[in-house]
Each structure stands twice: as C-alpha cells, then as structure tokens.
Amino acid sequence: MTQKRLRAAVIGCGFFAQNHLHAWQMIEGVDLVAVCDRDEARARAAAENFSVPGCYTDAAAMFAAETLDFVDIATTMPTHRPLVELAARHRVPIVVQKPFAPTWEDCVSMVGTCKSAGIPLMVHENFRFQAPLMAVRKVLEQGTIGTPHFGRLSFRTGYDVFANQPYLAKEEHLIILDLGIHVLDMARVYFGEVETVYCQTQKIRPGLVAEDMATMLLRHRSGAACIVDVSYSSKLDPDPFPETLLEIEGPRGSIRMRPGLRMVVTSDGKTTATDAGTPLLPWTSQPWHTAQESVLNTQQHWVDCLRAGVPPQTTGEDNLRTYALVTAAYRSNAERRAVAPDM
Ligand code: NAD
Ligand code: 89V
C-alpha cells in the first residue's frame with residue numbers, strides 16, 4: 001500500500017463524523033469513495049457536501065459494491081461490533097470510533113475477529129493526537145522532569161455536550177465510558193500501565209440515567225500515583241471545554257497545562273511557558289478546534305501506519321488496556337475498593 005491511492009469509506013455521517021470527513025479530504029493519497037448512513041438524508045448530505053461518489057444506507061450493500069482499502073466507522077458504539085465483523089468478513093482494514101463497544105466482551109471479540117481475518121484494527125482515540133497532550137508527552141519523553149511520580153489529569157466542564165450528542169443522556173454508563181476513556185488512555189501514555197484503580201462516581205445533573213462525575217486514583221506499576229477526574233456538570237467560568245488540564249510532577253520538575261492550553265514546564269529550577277494550543281483550520285471552530293485537529297492527526301497516523309505496514313499506536317489490542325481501566329473503575333465504584341484491571 002506504500003504509494004497507491006487509498007480508497008476509503010465512512011460509515012456513520014452524524015455529528016462527529018463531519019470532522020472525519022473534512023480530515024479525510026485533507027489527507028494526501030486518500031480518496032473518499034463511499035459514505036454510508038442508515039439515515040438517508042445524512043448519507044446524501046455527506047455525499048454531496050464532500051463530493052463522495054458512493055452513497056449508501058446499508059453497510060452490507062456498500063461492502064458488496066465497493067473495493068475499499070479501509071473503512072472508518074464513526075457510528076455510536078452499539079453498532080461497532082456488527083460493523084467491524086462485516087468489514088472483517090470483507091477483509092477491509094478498520095478504524096472505529098471510541099468507545100470501542102458497550103461491553104468488554106464485545107471489545108475482546110472484535111480484536112479476535114480482526115486478528116483471525118488478518119486485518120489492521122485501530123480505535124480512533126484522538127486524545128493521543130491532540131497537540132497539547134502530545135506536547136506534554138514530548139516533554140516527558142525528553143526526560144525534562146525525570147520519571148513522573150505524580151499526576152492529575154482533569155477534564156471538567158459544564159459545556160452542553162448533550163446538545164450535539166443527545167444519546168449521552170440515556171447511556172447506562174456515561175462519563176467514564178464516554179470521556180474518562182480518553183483521559184485514562186493518556187494516563188497510560190504518561191505513567192505506564194496500571195496496577196489498581198480506585199473510583200468514586202457521582203450523579204449531579206438531574207435527568208441523566210448515569211454518572212456525570214468520576215474521581216479515579218490510579219496506582220501505576222511504576223509507582224506513580226495519578227488522579228483522573230472528569231465532570232460534565234461543573235460550573236466554571238471560563239469553562240475550559242474541551243481542554244484536558246493537568247499537572248505532572250517528577251524528580252526534576254513539573255509540567256502544568258493551564259486553561260487556554262498554556263503549558264508551564266519547570267525543570268531543574270528553570271520555568272518556561274508556551275502556548276500548546278492549535279491554530280484554526282478552514283473547517284474547525286472554537287471551542288472544538290483542538291479536538292477537531294486531533295481527528296486529522298489521528299487519521300494521518302492511521303494512513304501512515306497502513307502504508308508502512310506497521311501497527312498504529314491505538315490498535316484494538318492496545319485499547320483493551322484502556323477499556324480495562326474503564327471496567328475496573330466501574331467495579332471499584334460498585335464494590336468500594338481498589339480494583340486491578342483485567343489486563
Ligand atoms: P451521531 O448519532 O451524531 O452519529 C452517528 C451516525 O451513525 C448517525 O447518523 C446514525 O444514523 C449512523 N449509524 C448508526 N448505526 C449505523 C449503521 N449500522 N449503519 C450506518 N449508519 C449508522 O453520533 P456522534 O455524536 O457523531 O458519535 C459517533 C461516535 O463518535 C460515538 O461513538 C462518540 O462517542 C464518538 N465521538 C468521539 C469524539 C472524539 O473522537 N473526541 C467526539 C464526539 C463523539
Ligand atoms: O470527545 C468525545 O468523545 C466527546 C466529548 C464530549 C468528550 O468531547 O464525547
């Protein structure tokens with residue numbers, strides 16, 4: 001696949017998929033040849049707005065009619081497993097949005113299905129590819145503060161996420177599965193794998209089925225302690241949505257991500273402050289622009305790895321380790337004790 005143009009399809013043309021579609025248009029060597037949404041109006045709008053020749057309301061019909069180098073599944077999680085299994089039957093490499101699936105068993109099954117089919121499977125976990133969070137990772141990897149021993153990764157907002165994503169209000173598991181999954185993944189990146197999770201959830205906003213706040217204490221195998229706290233019901237002014245604010249400490253210094261994505265690094269007594277934010281792209285807008293740009297970075301990473309024939313960072317298998325933290329957090333909250341993740 002090194003140089004040939006890649007024929008791509010997107011399944012799911014809803015709210016967040018618009019960013020996927022814009023991003024595919026920007027990536028060199030990728031041709032978006034088909035879109036599919038079971039809502040015909042959405043499928044047609046995507047085909048028209050992004051000049052896509054193939055327009056489908058049934059994924060099976062699309063796979064039967066199209067020759068694809070990969071498929072980008074941007075539906076909500078209940079349909080991830082059947083769509084992944086369908087793509088695997090057609091031996092088409094897959095990127096699938098987070099959360100991977102509603103259950104651990106679904107996730108494990110999809111990883112096994114794609115392994116048996118011999119096709120790459122990546123979870124679109126784009127906090128890995130957010131510019132500010134990559135900047136923090138780079139500082140850590142340079143050893144600027146030494147091996148980190150403490151962290152707090154915090155995503156607290158009162159932004160109305162339900163306006164664009166109304167299904168969130170009815171989820172049986174809300175903030176850890178929808179948002180915590182991103183921040184827990186970054187805790188793994190910054191501090192390594194996790195020994196135990198201790199979690200307390202809270203339900204603050206009326207009218208929601210599930211938890212909208214969670215506070216998690218991670219004990220990492222490295223000995224580091226990391227607090228991951230997430231909230232959809234905070235009253236903050238200004239509201240930092242969709243910024244992940246953080247503080248990380250090591251033997252040589254610290255890293256702080258402050259509101260407005262100002263990164264402050266202290267190393268051996270010297271402190272520097274830089275702007276870790278991202279410029280607007282023609283199709284991005286405040287306040288989502290950093291998240292939107294991360295979609296482009298994530299998808300470029302997928303294409304680069306597919307061409308090179310190497311596994312991407314967020315393979316289905318890797319995402320199992322993050323998903324295991326999600327299930328451990330829910331178990332910890334239910335059993336009021338620290339829980340070791342399943343892997
Ligand atoms: P949405 O409901 O707006 O869009 C999903 C679309 O998929 C709908 O148009 C629906 O008709 C279509 N669809 C569902 N099942 C289908 C099927 N079997 N075949 C064809 N089309 C099908 O949802 P959304 O808010 O865009 O979220 C989609 C996913 O993206 C969710 O898993 C969500 O968690 C994730 N998301 C990720 C980020 C991020 O990457 N940072 C941000 C927001 C949402
Ligand atoms: O990024 C996401 O997955 C969205 C959020 C509201 C957290 O941005 O659901």
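The structure displayed is predicted, hence computed values, not measured ones. Order of listing sets the numbers, starting from 1, for every ligand and every atom in it.
Between D229 and R152 a salt bridge is recorded (basic side-chain N to carboxylate O distance below 4.0 Å). The residues D268 and R252 are annotated as salt-bridged, a charged nitrogen and a carboxylate oxygen being separated by less than 4.0 angstrom. Remark: K203 does not engage D212 in a salt bridge, criterion side-chain N to carboxylate O under 4.0 Å.
Where the criterion is an N or O separation shorter than 3.5 Å, residue side chain and backbone included, T76 fails it with respect to ligand 1. When only interatomic distances are considered, the shortest N/O to N/O separation between Q97 and ligand 1 falls below 3.5 Å.
Aromatic pair F70/W24: centroids less than 6.0 angstrom apart. Checked against the 6.0 Å centroid criterion, the rings of H301 and F129 qualify as a close aromatic pair. The distance between the ring centers of F100 and H80 does not fall below 6.0 angstrom.
Of all protein heavy atoms, the one closest to atom 29 (C) of ligand 1 is T75 O, 3.4 Å. In terms of protein heavy-atom proximity, atom 8 (C) of ligand 1 is nearest to R42 NH1, 3.2 Å. In terms of protein heavy-atom proximity, atom 7 (O) of ligand 1 is nearest to G12 CA, 3.4 Å. When hydrogens are left out, the protein atom nearest atom 27 (O) of ligand 1 is Y167 OH, 3.1 Å; that is the closest non-hydrogen contact. Shortest contact from atom 32 (O) of ligand 1 to any protein heavy atom: K98 O, 2.7 Å. Considering only non-hydrogen protein atoms, atom 19 (N) of ligand 1 sits nearest to I11 CG2, 3.9 Å.
Taking 4.0 Å as the cut-off, A291 does not count as a neighbour of ligand 1 on heavy-atom distance. At least one heavy atom of A74 lies less than 4.0 angstrom from ligand 1.
Only the side chain of N126 comes within 4.0 Å of ligand 1, judged by heavy-atom distances. Counting heavy atoms under 4.0 Å from ligand 1, residue T57 does not touch it at all. Under 4.0 angstrom from ligand 1, the non-hydrogen atoms of T79 all belong to its side chain. Within the 4.0 Å heavy-atom criterion, neither part of D58 lies near ligand 1.
For atom 4 (O) of ligand 1, the nearest non-hydrogen atom from the set A43, G14, S294 comes from G14. When the heavy atoms of E40, H20, Q165 are ranked by distance to atom 44 (C) of ligand 1, first place goes to Q165. Considering only non-hydrogen atoms, atom 11 (O) of ligand 1 lies nearest to D37 out of N164, L168, D37, N19. Considering only non-hydrogen atoms, atom 14 (C) of ligand 1 lies nearest to R38 out of R38, M77, Q18. With F15, F16, F129 as candidates, the residue nearest to atom 38 (C) of ligand 1 on a non-hydrogen basis is F16.
Contacts of ligand 2 (protein heavy-atom distance under 4.0 Å) are K98, V161, Q165, D178, L179, H182, Y232, W288.
Side chains of H149 and E249: a donor-acceptor N/O pair is absent below 3.5 angstrom, by distance only. Side-chain contact annotation: S234 with T157, donor-acceptor N/O pair under 3.5 Å absent. Side-chain N/O atoms of T271 and T266 include a donor and acceptor closer than 3.5 Å.
Atoms of ligand 1 found under 4.0 Å from any heavy atom of P99, numbered from 1 in the order shown, are 32 (O), 34 (O). Close contacts between ligand 1 and D178 involve ligand atoms 34 (O) [criterion: under 4.0 Å to a heavy atom].
Minimum interatomic distance between G14 and R42 (heavy atoms only, all atoms of both residues): CA-NH1, 3.8 Å.
Between T314 and N319 the shortest side-chain heavy-atom distance does not fall below 4.5 Å.
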Below 3.5 Å, can you tabulate the donor-acceptor pairs from side chains in residues 44-54 to any protein atom, sequence neighbours excluded?
unit_1 : atom_1 : unit_2 : atom_2 : d
R44    : NE     : E40    : OE2    : 2.9
R44    : NH2    : E40    : OE2    : 2.8
N49    : ND2    : A45    : O      : 3.1

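Screening residues 189-221 for ring pair (Phe, Tyr, Trp, His ring centres under 6.0 Å) gives F191-H220 as the qualifying pairs, with residues at least two apart or on separate chains. Within the structure, salt bridge (Lys or Arg N to Asp or Glu O under 4.0 Å) pairs that include any residue of residues 171-182 comprise K98-D178 (at least two apart or interchain).
In this structure, E28 places its CD atom where only 12 or fewer heavy-atom neighbours from other residues, nucleotides or ligands lie under 6.0 Å away.
Using the six-membered ring where Trp is involved, F16 and W288 have ring planes that are tilted, between 30° and 60° apart.
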